Visitor: 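One structure coming up, written as structure tokens, with questions to follow.
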Number of protein chains: 2
Amino acid sequence: MKFDDKVPIYYQIKNYLYHEMLTGTLNPGDKLPAVRQLAVDLTVNVNTVQRALSEMITEGTIESQRGKGNFVTADTTRLAQLKEQLVMTQLAQVYEQLHALNLTDEEIIASLKRYIEQKGAGQNA
Amino acid sequence: MKFDDKVPIYYQIKNYLYHEMLTGTLNPGDKLPAVRQLAVDLTVNVNTVQRALSEMITEGTIESQRGKGNFVTADTTRLAQLKEQLVMTQLAQVYEQLHALNLTDEEIIASLKRYIEQKGAGQNA
DNA sequence: TATAGTGTAATAGTAAAATATAACACTAGG
DNA sequence: CCTAGTGTTATATTTTACTATTACACTATA
């Protein structure tokens with residue numbers, strides 16, 4: 001897996017797993033790949049995987065069972081909260097950044113629309 | 001100044017200076033504060049400031065005159081390009097993140113609108 | 001009870017960012 | 001010429017993320 005060297009790998013692993021958990025690749029209650037397998041898949045050290053998982057366990061989004069494996073929480077409410085939080089975090093970030101560049105609310109929305117349109121125009125498929 | 005420990009300080013200094021340059025605090029051709037003064041203001045080491053400045057000099061957004069100071073480029077075209085690039089980078093980032101969470105183009109736009117409305121509703125002033 | 005598969009943790013080493021400190025190079029003004 | 005203000009560079013040190021490696025703890029099963 002390719003990582004952005006501007007942000008810690010363990011942090012990017014969390015986002016990767018969030019993505020898997022929120023888009024159906026990993027469903028509530030599902031067992032995650034073994035930590036050693038994840039390390040291989042992501043070409044990363046076991047300890048780095050473990051660091052990401054530890055934080056997620058603390059957050060309650062995954063649950064650990066020693067000797068068995070790590071499991072996506074079966075608490076769908078918590079997963080819904082997680083998704084909402086991730087979306088809000090993203091929105092808050094763009095909004096603040098663009099607002100800081102003196103774009104008005106309307107300009108921010110307009111620029112996003114424009115971006116999406118242009119993106120679609122550039123598609124080949 | 002407060003920094004996010006998830007991303008290098010020199011990188012955040014670049015963004016700080018970009019902000020000053022694109023919102024009128026620092027105008028085209030303006031002299032920047034002395035590197036040692038910036039270091040004090042940002043409670044950061046001179047070398048860290050210098051690292052940020054070096055990259056910006058390479059990019060052509062600021063120009064260095066040894067013995068005199070660092071200056072915002074007088075090339076307003078380049079500054080406009082910089083702003084456009086920063087905006088696009090931000091938009092691309094949210095879009096990809098939210099798209100990765102299975103939000104459609106319409107949902108992305110709608111969620112941004114909703115965020116802005118709610119933000120306004122929460123204002124005290 | 002042995003073994004394979006799992007999570008967990010500790011140790012030691014490497015690399016990058018940031019710091020503290022000092023020195024060097026150039027400019028302007030007395 | 002000297003000095004103060006500026007950018008630039010270098011060295012040594014600390015901190016943090018990451019890696020490599022090893023060991024320990026628990027579960028299931030042959």
Side-chain angles (χ1 to χ4, degrees), chain A residues 1-18 20-21 26-75, chain B residues 1-18 20-21 26-75:
Chain A
M1 181 172 173
K2 60 171 173 48
F3 294 103
D4 177 359
D5 64 354
K6 287 288 186 308
V7 43
I9 293 177
Y10 74 87
Y11 199 79
Q12 297 180 62
I13 293 175
K14 284 177 66 176
N15 280 319
Y16 165 75
L17 292 175
Y18 285 151
E20 303 295 284
M21 292 161 57
L26 287 173
N27 293 301
D30 273 5
K31 181 183 172 187
L32 274 67
V35 288
R36 290 171 183 79
Q37 187 58 46
L38 273 176
V40 170
D41 293 348
L42 305 175
T43 55
V44 131
N45 190 269
V46 180
N47 290 322
T48 307
V49 172
Q50 190 66 28
R51 175 158 184 182
L53 294 180
S54 298
E55 294 195 1
M56 296 175 76
I57 292 167
T58 300
E59 295 166 357
T61 49
I62 70 174
E63 289 160 10
S64 165
Q65 294 185 38
R66 198 184 191 103
K68 290 186 177 177
N70 291 303
F71 300 82
V72 178
T73 181
D75 184 347
Chain B
M1 179 172 177
K2 61 170 174 49
F3 293 104
D4 177 0
D5 63 355
K6 289 287 187 307
V7 42
I9 292 176
Y10 75 89
Y11 200 78
Q12 296 180 62
I13 292 175
K14 284 176 66 176
N15 280 319
Y16 165 75
L17 292 175
Y18 285 151
E20 303 295 284
M21 291 161 58
L26 287 173
N27 293 301
D30 274 4
K31 181 183 173 188
L32 275 66
V35 288
R36 290 171 183 79
Q37 187 58 46
L38 272 176
V40 170
D41 293 347
L42 304 176
T43 57
V44 130
N45 190 271
V46 181
N47 290 321
T48 307
V49 172
Q50 191 64 30
R51 174 157 184 182
L53 294 179
S54 297
E55 294 194 1
M56 295 174 77
I57 291 167
T58 301
E59 294 165 358
T61 49
I62 71 174
E63 289 160 10
S64 165
Q65 294 185 38
R66 197 185 191 104
K68 290 185 176 178
N70 291 302
F71 300 82
V72 178
T73 181
D75 183 347

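All values below were derived from every heavy atom in this structure, side-chain atoms included, with hydrogens, water molecules and symmetry-related copies excluded. These numbers come from a predicted model, not from an experiment. Sequence lines set the chain letters: A, B, ... in the order given, protein chains first and strands last, and positions in each chain run from 1.
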Visitor: Do A/Thr48 and A/Leu42 have side-chain heavy atoms sitting under 4.5 Å apart?
Guide: no
Visitor: If you round to the nearest 0.5 Å, how far is CD of B/Glu20 from CG of B/Leu32?
Guide: 9.0 Å
Visitor: Determine whether a donor-acceptor pair (N or O, by modelled atom type, separation under 3.5 Å) exists between the side chain of A/Gln65 and the backbone of A/Phe71.
Guide: no
Visitor: To the nearest Å, give me how far apart CZ (A/Arg66) and C1' (C/dA4) are.
Guide: 17 Å
Visitor: I want to verify a distance call: between D/dC18, C/dG7, C/dA18, whose nearest atom is closest to the A/Ala34 side chain?
Guide: C/dG7
Visitor: With a sphere of 6.0 Å drawn around OH of B/Tyr11, does it hold more than 12 non-hydrogen atoms of other residues, nucleotides or ligands?
Guide: no
Visitor: Looking at residues 36-46 of chain B, who's got a heavy atom less than 4.0 Å off DNA chain C?
Guide: B/Arg36, B/Val44, B/Asn45
Visitor: Would you indicate whether the side-chain heavy atoms of B/Asn45 and B/Ile9 approach each other to under 4.5 Å?
Guide: no
Visitor: Under a 4.5 Å cut-off applied to non-hydrogen side-chain atoms, are A/Ile62 and A/Leu17 in contact?
Guide: no
Visitor: Could you give the distance from OG1 (B/Thr73) to CD (B/Glu63), rounded to the nearest 0.5 Å?
Guide: 4.0 Å
Visitor: Check the distance between C/dT27's P and B/Asn70's CG and give it to me in whole angstrom.
Guide: 14 Å
Visitor: Return the value, rounded to whole Å, for the distance between atom CD of A/Gln50 and atom C1' of D/dT22.
Guide: 15 Å
Visitor: Which one, C/dT19, D/dA28, D/dT8, comes nearest to the side chain of A/Lys68?
Guide: D/dA28
Visitor: Figure out the CZ/C1' separation between A/Arg51 and C/dA10, and round it to whole Å.
Guide: 16 Å
Visitor: Do A/Val44 and A/Tyr10 have side chains that approach each other closer than 4.5 Å (heavy atoms only, starting at C-beta)?
Guide: no
Visitor: State, yes or no, whether a side-chain contact exists between A/Glu59 and A/Lys14 at a heavy-atom distance under 4.5 Å.
Guide: yes
Visitor: Calculate the interatomic distance between A/Asp5 atom CG and C/dA16 atom P; express it in whole Å.
Guide: 10 Å
Visitor: Return no unless some side-chain N or O of B/Ser54 is found under 4.0 Å from OP1 or OP2 of D/dT8.
Guide: no
Visitor: For the side chain of B/Thr48, counting heavy atoms from C-beta on, which of C/dT8, C/dT19, C/dT27 is nearest?
Guide: C/dT19
Visitor: Grab the CD1-C1' distance between A/Ile57 and C/dT8 for me, whole Å please.
Guide: 10 Å
Visitor: Write down the distance between CD (A/Gln65) and P (C/dT8), rounded to a whole number of angstrom.
Guide: 11 Å
Visitor: Protein-nucleotides 11-13 of chain C N/O pairs closer than 3.5 Å?
Guide:
none

Visitor: Reading DNA chain D from 5' onward, which residue's closest nucleotide shows up sooner: B/Lys31 or A/Gly67?
Guide: B/Lys31
Visitor: Write down the distance between CG (B/Leu32) and P (D/dG5), rounded to a whole number of angstrom.
Guide: 19 Å
